[in-house]
Amino acid sequence: MQKPKPPYKVTVIPGDGIGPEVTAVTRRLLEAVGAPIIWQEAEAGAKVFRKGIPSGVPQETIDSILDTGLVLKGPLETPVGYGEKSANVTLRKSFETFGNIRPIRIIPGVPTPYYGRNIDLVVVRENVEDLYAGIEHMQTPNVAQCLKLMSRKGCEKIVRLAFEVARAEGRTKVHCATKANIMKLTEGLLKRTFEEIASEYPDITAQHIIVDNCAHQLVRFPEQFEVIVTSNMNGDILSDLTSGLVGGLGFAPSANIGRDVAIFEAVHGSAPSIAGKNLANPSAHVLSGVMLLRHLGLFAEAERLENALLYTWGSGAAATSDVAPLHEAVGTSVFAELVESNLATAPGRTQTRPYRPWDMGRVYSCDKQPAKRQDVGVDVFIESTAPLQEIGRELERCAQGLPLTLTMISNRGTKVYPDAVAMPDLVDHHRCRFNRKAGAPMPQDADVLELLRRISTIFRWMHCERLLEVEDKPAFTKAQGEN
Ligand code: NAP
């Protein structure tokens, strides 16, 4: 990302629900702290969907972001069910904000079961790949599929971002949380990339942790974590857990970082039940503004604003309704006034982080081409409720005369043909694996196409996957029970 120069242009999207209230507070406090920002107001979310723009983001907003490269955003409502996409996802994907940084720390004066413990950590979540690529299909009327796509490039970018965040914030440890024990290729790619790149950061301790254990450890001993890098869905879940440790969504800020665009927003949504009632806690959004200031290199201003916010909470003079009983709580606007008045008067903190600018210069080396690769077969997915022996017999017939042979059929990942360890509760969706016949030439596209043509005369097939070998090793997983 090119370093912007002051005065900094920032696109501000007030958003939906409590968005306009909390965004106004952050904007006002950034101005009060003297940040040289020129705001460009823009729209996205519910209002835009209602105007009939299915992405939820109009062209004028996209143009503004292309111009500023920086966004301060309120939460955007996502329509539930069929139809429109999420405007948040549209923004993240359109501007390839690949990294979602979610820091949390104990907030002075905010009671939680963890109060008094030294919790100060950052979840660095991959933001555009994984199951959230949104590639879903009904494979049969009864079986849905969501593709979990993870790339070497995506893994490298997020891992480097995590190490750079650690360095920039004077942290000493990065954990990589994956489910590589089960998803050896997708989650495994993140683990392997992490282990490769860790060697470039000898000043930082790198440790892999299985994601479910990470959740368990976060609840029991959160102090052990400084930075956790993880895939999109795992990061979504872990970061909501971490915000719960410190008082809830009202205290969880985030930054979506891309090469050319950075979007700063609270983790919480539009909280429609309290919208327009002057009840929202603006802290998460203000802390996102603090992240924006640091992103701009305005470290002193960031420190001053963060200090005033933490002092306001720590002094016990006021709390919003998510923390205090309603009759004792102050409204969003009173809370904002208190923070503003504390900007000048709050005593400085004795312990603060030594924030430095990031150096993301060496990201994106990426795609590797192996010396040897070959396609050794094909998985064909078919819909059928016929008995397995009949399906097997028909498919073996389809492969006759081709350099391919049916080696197994699996149902939702468990081998069911030619033999099975135990019989799962079958559904109408089968993966039929055809490998190269012993001694036969390498199967060509024409062979696969002929196989598909023959299969389609008997069964409805819905997709197929090549079986790739890289450096003579299978680049596909085996079914449960397959040797
Ligand atoms: P939510 O808006 O985060 O609200 C969940 C609950 O958390 C609220 O009902 C409220 O609890 C509390 N809360 C959240 N932020 C608060 C704040 N600043 N101050 C005080 N209390 C706060 O989650 P949701 O209800 O699941 O989602 C609502 C809408 O927001 C959906 O359309 C969703 O798609 C969208 N959303 C957008 C984003 C985004 O733009 N990045 C993120 C998440 C969700 P009480 O009800 O107890 O007061």
Side-chain angles (χ1 to χ4, degrees), residues 11-26 42-50 55-57 61 71-81 83-95 97 100-102 104 107 110 112 123 125 127-128 132 134 232-233 235-237 239-244 246-257 262-289 291 309 313 318-326 328-336 339:
T11 303
V12 57
I13 302 174
D16 303 318
I18 60 171
E21 294 163 78
V22 295
T23 309
V25 172
T26 306
E43 276 189 337
K47 262 188 258 160
V48 179
F49 285 123
R50 280 197 288 272
S55 68
V57 185
T61 300
V71 184
L72 180 69
K73 186 177 95 50
L76 307 177
E77 265 172 41
T78 305
V80 178
E84 295 95 339
K85 289 268 182 194
S86 151
N88 288 308
V89 177
T90 301
L91 285 170
R92 280 176 210 158
K93 287 193 157 285
S94 308
F95 298 103
T97 54
N100 186 217
I101 302 175
R102 296 186 169 191
I104 54 109
I107 307 285
V110 175
T112 84
V123 175
R125 165 190 169 191
N127 215 21
V128 290
Y132 290 33
N232 202 341
M233 174 133 157
D236 196 2
I237 298 165
S239 60
D240 262 32
L241 186 161
T242 55
S243 60
V246 298
L249 290 172
F251 299 95
S254 79
N256 300 282
I257 302 293
I263 302 173
F264 298 83
E265 61 178 334
V267 169
H268 63 70
S270 59
S273 60
I274 54 168
K277 296 180 180 166
N278 194 30
L279 286 177
N281 177 0
S283 301
H285 205 266
V286 173
L287 288 169
S288 310
M291 293 178 82
L309 181 76
W313 279 108
T320 44
S321 66
D322 53 331
V323 172
L326 204 52
E328 289 172 17
V330 297
T332 314
S333 50
V334 169
F335 187 83
V339 177

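The figures here come from the full heavy-atom set of this structure, side chains too, leaving out hydrogens, waters and symmetry mates. Please read all numbers here as calculations on a predicted model, not as lab measurements. One-based numbering, in listed order, for ligands and for the atoms of each.
Sorted by first then second residue, the side chain to side chain donor-acceptor pair (under 3.5 Å) pairs that include residues 246-255, not counting sequence neighbours, number zero.
Residues satisfying the side-chain hydrogen bond (donor to acceptor under 3.5 Å, both in side chains) criterion with S321, sequence neighbours excluded, are absent altogether. By the salt bridge (Lys or Arg N to Asp or Glu O under 4.0 Å) test, D322 pairs with no residue at all, sequence neighbours left out.
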**Message:** What verdict does the side-chain contact (heavy atoms from CB on, under 4.5 Å) test give for V267 and D240, after you've listed the backbone C-alpha separation in whole Å, the side-chain angles of each residue and the deciding distance to 0.1 Å?
**Reply:** CA-CA 8 Å; V267 169; D240 262 32; 3.7 Å; yes

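Side-chain contact check for N278 versus F335: every heavy-atom pair is 4.5 Å or farther apart.
Scanning both residues, A44 and L76, for their nearest heavy atoms gives O-CD2, 3.4 Å.
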Contact table, ligand 1 N/O with protein N/O, distance under 3.5 Å:
{"unit_1": "ligand 1", "atom_1": "2 (O)", "unit_2": "G269", "atom_2": "N", "d": "3.4"}
{"unit_1": "ligand 1", "atom_1": "2 (O)", "unit_2": "G269", "atom_2": "O", "d": "3.4"}
{"unit_1": "ligand 1", "atom_1": "2 (O)", "unit_2": "S270", "atom_2": "N", "d": "3.1"}
{"unit_1": "ligand 1", "atom_1": "2 (O)", "unit_2": "A271", "atom_2": "N", "d": "2.7"}
{"unit_1": "ligand 1", "atom_1": "3 (O)", "unit_2": "G269", "atom_2": "N", "d": "2.7"}
{"unit_1": "ligand 1", "atom_1": "18 (N)", "unit_2": "H268", "atom_2": "NE2", "d": "3.3"}
{"unit_1": "ligand 1", "atom_1": "18 (N)", "unit_2": "N281", "atom_2": "O", "d": "2.9"}
{"unit_1": "ligand 1", "atom_1": "19 (N)", "unit_2": "N281", "atom_2": "N", "d": "2.9"}
{"unit_1": "ligand 1", "atom_1": "30 (O)", "unit_2": "S270", "atom_2": "N", "d": "3.0"}
{"unit_1": "ligand 1", "atom_1": "30 (O)", "unit_2": "S270", "atom_2": "OG", "d": "3.3"}
{"unit_1": "ligand 1", "atom_1": "32 (O)", "unit_2": "T78", "atom_2": "N", "d": "3.0"}
{"unit_1": "ligand 1", "atom_1": "34 (O)", "unit_2": "T78", "atom_2": "N", "d": "3.4"}
{"unit_1": "ligand 1", "atom_1": "34 (O)", "unit_2": "T78", "atom_2": "OG1", "d": "3.1"}
{"unit_1": "ligand 1", "atom_1": "40 (O)", "unit_2": "K73", "atom_2": "NZ", "d": "3.4"}
{"unit_1": "ligand 1", "atom_1": "40 (O)", "unit_2": "L76", "atom_2": "N", "d": "2.8"}
{"unit_1": "ligand 1", "atom_1": "40 (O)", "unit_2": "N88", "atom_2": "OD1", "d": "3.1"}
{"unit_1": "ligand 1", "atom_1": "40 (O)", "unit_2": "N88", "atom_2": "ND2", "d": "2.9"}
{"unit_1": "ligand 1", "atom_1": "41 (N)", "unit_2": "E265", "atom_2": "OE1", "d": "3.1"}
{"unit_1": "ligand 1", "atom_1": "46 (O)", "unit_2": "S273", "atom_2": "OG", "d": "3.2"}

